[in-house]
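When a ligand or atom number is given, it counts from 1 through the structure's own listing order. All values below come from the heavy atoms of this structure, side chains included, with hydrogens, waters and symmetry mates left out.
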Amino acid sequence: MPTDMLQMASKFPEQIKEAYELGRNVRVPKKSFKNIIVAGMGGSGIGGDLLASWLNPRSSIPAWVNRDYTLPAFAGPETLLFAVSYSGNTEETLSAFRDGVRRGCTIIGITSGGKLGRECTTSIRIPRDMQPRTAIAYLLFPMIGVLDGLGVVEADEEVQESIAINGRSRDRLNEDAKRIARELTGIPVIYGHTIYAPIAKRIRCQFNENAKILARDDNFPEMCHNDIMGWPNAGWTVILLRSADEAPYLARRIEVTKELAFGDVKVIELWAKGNSPLARMTYLLYLGDLISIHLALQKGADPTSTEIIGELKRRLA
Ligand code: PA5
């Protein structure tokens, strides 16, 4: 049912709570890890982008996202590798996981089953029968739970705030999302910055997969050095991810870009809410997900189906 996606996505705050606990409860040998790699594709890989953009500004252990069949040369016994595949059968992720085994990485699988579930000795089992993209809480928060448990980062307060703010905001976000979806015209171009860069990408992918439309994403300040020359595009929509804690130099750059580049193009600003970075990131992620689903429903598309992705995988298998 097309509306199942909306119901599933609405449970995001409860899913965060459950997913974080899954990560907190897993036993990982305490080692001094030099780096963290997240191997995953599509809806499973985006959790790695979110983790890296949240973690890297605060941790001396860098996180790297791997969307390929093999791992980078620095992967080895001092690497903590999260192999993330909702189905557990994604070719690239399985190959990277096996590469991690050969290189002696400490590996934690995050999956609902499949080959990864069978092959990975330490794997966090997440609920089955979801679309990977509706399982985003389960594809991100177990990693945060593991890292908190290992003492790599202190996450508890931020996770609790994320659950609370998204739970409190659910009805209003849903109403806002419905209205914003009606305002979109042409190709939406979503711009993020800093920790919100992967949120822009997530929203773009949600527009692709849920609403079945093309969309683009880019980030400040990089867009000011290239993308800005492509505007204005009549009929398209600009979506800016904004946050009250933007550095003054960034806020000014965004304002000047609005004046200079977009002309008469419709600009929609989505403002993050919350005190902590994780709460603000998840708030925008939740809003973006809901917009994409309402857009699908308004244009009569089924947000749950991803037939072409499935057919491609079948042909390549
Ligand atoms: O949203 C989707 O269905 C895809 O982007 C999948 O997440 C992607 O193909 C990878 O599959 P999996 O998440 O099962 O590893």
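The protein non-hydrogen atom at the shortest distance from atom 5 (O) of ligand 1 is Gly43 N, 3.0 Å. At the shortest separation from atom 12 (P) of ligand 1 among protein heavy atoms lies Thr90 OG1, 3.2 Å. For atom 13 (O) of ligand 1, the closest non-hydrogen atom on the protein side is Ser44 OG, 2.5 Å. Scanning the protein for heavy atoms near atom 14 (O) of ligand 1, the closest one is Ser87 OG, 2.7 Å.
Side-chain N or O atoms of Thr185 include one that pairs as donor or acceptor with a backbone N or O of Gly235 at under 3.5 Å.
Among Glu209, Arg133, Lys313, the residue whose heavy atom lies nearest to atom 1 (O) of ligand 1 is Glu209.
Every atom of ligand 1 with a heavy atom of Gly42 under 4.0 Å away is listed here by number and element: 5 (O), 7 (O). Less than 4.0 angstrom separates some heavy atom of Ser85 from each of these atoms of ligand 1: 12 (P), 14 (O), 15 (O).
Ion pair Glu311/Arg314 flagged as a salt bridge, since at least one NZ, NE, NH1 or NH2 atom sits closer than 4.0 Å to an Asp/Glu carboxylate oxygen. The pair Asp217-Arg202 does not meet the salt-bridge criterion, since no charged nitrogen lies less than 4.0 angstrom from a carboxylate oxygen.
Ligand 1 lies out of reach of Gln131, whose nearest heavy atom is not under 4.0 Å from it.
In this structure, CE on Met8 lies 7.0 Å from CD on Gln15, to the nearest 0.5 angstrom.
Relative ring orientation between Phe12 and Tyr286 is described as tilted, the plane-to-plane angle lying within the 30° to 60° band.
Within 6.0 Å of CD on Glu154 lie no more than 12 heavy atoms contributed by other residues, nucleotides or ligands.
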